[in-house]
Peer 1: 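Dropping the structure in here first, questions after.
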Amino acid sequence: MENAKRHFATRLREAMQLAGYDPKPAVLEREFNLRWHGKPMTLHGVRRWLLGEAIPGQDKIVTLAEWLGVSPQSLRYGGEAERRVEERTSWWDEVFRSQERDVVAAYLELPQEQRQALRKIILALADRKEEEVGA
């Protein structure tokens, strides 16, 4: 977890610099609190973000990301994680047609017991099909 905090701090400082801000606690406190609608952050609190001692909650990360013009995912997890998600999404779009995606979406909306029953049916059909192809 310590490593994740340090990486977050690095990404936050870099995002601030790219957006034209000095990565200093006083700057971060002022700019964040101008945009945050909850309880204001203290200088000590934002200093911990910059030093890699703490990671803000997702709601605060969203505010930071909107201010700095980066995605919340890349700010929190780094660009590599975001690229992996995009790759998986593009794979999904390439492999499945629209009708198949609709079926999967409908499956995910079913109650758990119906999903389990449907899973058994699909697995049984897949086994039968494999037996037929091999024969």
Peer 1: State the CG-CG distance between Leu68 and Leu28, to the nearest 0.5 angstrom.
Peer 2: 8.0 Å
Peer 1: I need the minimum non-hydrogen distance between Pro23 and Met16, along with the two atoms involved.
Peer 2: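 Minimum heavy-atom separation between Pro23 and Met16: CA-CE, 3.7 Å.
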Peer 1: Could you grab the distance from atom OG of Ser74 to atom CD of Glu14, nearest 0.5 Å is fine?
Peer 2: 11.0 Å
Peer 1: Check residues 33-40 and write down every donor-acceptor pair under 3.5 Å in which the side-chain atom is one partner and the other belongs to a residue at least two apart or another chain.
Peer 2:
unit_1: Asn33; atom_1: OD1; unit_2: Met41; atom_2: N; d: 2.8
unit_1: Asn33; atom_1: ND2; unit_2: Glu29; atom_2: O; d: 3.2
unit_1: Asn33; atom_1: ND2; unit_2: Met41; atom_2: O; d: 2.9
unit_1: Arg35; atom_1: NH1; unit_2: Glu31; atom_2: O; d: 2.7
unit_1: Arg35; atom_1: NH1; unit_2: Glu31; atom_2: OE1; d: 2.8
unit_1: Arg35; atom_1: NH2; unit_2: Glu31; atom_2: OE1; d: 3.4
unit_1: Trp36; atom_1: NE1; unit_2: Lys39; atom_2: O; d: 3.0

Peer 1: Treat each ILVMFWY residue as a node, draw an edge where side-chain heavy atoms are under 4.5 Å apart, and state whether Tyr107 and Ile122 are in one component.
Peer 2: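 Looking at the clustering, Ile122 is in the same group as Tyr107.
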Peer 1: Applying side chain to side chain contact (heavy atoms under 4.5 Å, CB included), name anything that partners Leu18, two or more places apart in sequence or on another chain.
Peer 2: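 Not a single residue meets the side chain to side chain contact (heavy atoms under 4.5 Å, CB included) criterion with Leu18.
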Peer 1: Taking only residues two or more places apart in sequence, or in another chain, which ones meet Gln112 in a side chain to side chain contact (heavy atoms under 4.5 Å, CB included)?
Peer 2: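 Gln112 satisfies side chain to side chain contact (heavy atoms under 4.5 Å, CB included) with Arg115, Gln116 only.
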Peer 1: Please identify each residue that fulfils side chain to side chain contact (heavy atoms under 4.5 Å, CB included) with Ala9, with sequence neighbours left out.
Peer 2: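 Result, side chain to side chain contact (heavy atoms under 4.5 Å, CB included) vs Ala9: Arg13.
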Peer 1: Could you please spell out the steps behind the side-chain contact (heavy atoms from CB on, under 4.5 Å) verdict for Asn3 and His7?
Peer 2: CA-CA 6 Å; Asn3 204 23; His7 288 301; 3.1 Å; yes
Peer 1: Checking side chain to side chain contact (heavy atoms under 4.5 Å, CB included) against Leu125, which of Leu123, Asp127, Ile121 comes through?
Peer 2: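 That would be Ile121.
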Peer 1: Taking distance alone, no hydrogens or angles, what donor-acceptor pairs closer than 3.5 Å link side-chain atoms of residues 43-61 to residues at least two apart or in another chain?
Peer 2:
unit_1: Arg48; atom_1: NH2; unit_2: Glu53; atom_2: O; d: 3.3

Peer 1: Under the rule for ring-ring contact (aromatic ring centres under 6.0 Å, His included), what residues qualify as partners of Tyr21, not counting sequence neighbours?
Peer 2: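 Tyr21 satisfies ring-ring contact (aromatic ring centres under 6.0 Å, His included) with Trp67 once adjacent residues are dropped.
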Peer 1: Any chance CZ of Arg119 has more than 12 other-residue heavy atoms, nucleotides or ligands included, within less than 6.0 Å?
Peer 2: no
Peer 1: List the atom of Ser71, the atom of Ala65, and the distance in Å for their closest heavy-atom pair.
Peer 2: C-CB, 3.8 Å
Peer 1: Could you report the tightest heavy-atom contact between Phe8 and Leu75, atom names first, then the distance?
Peer 2: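 Closest pair (atom of Phe8, atom of Leu75, distance): CD1-O, 3.3 Å.
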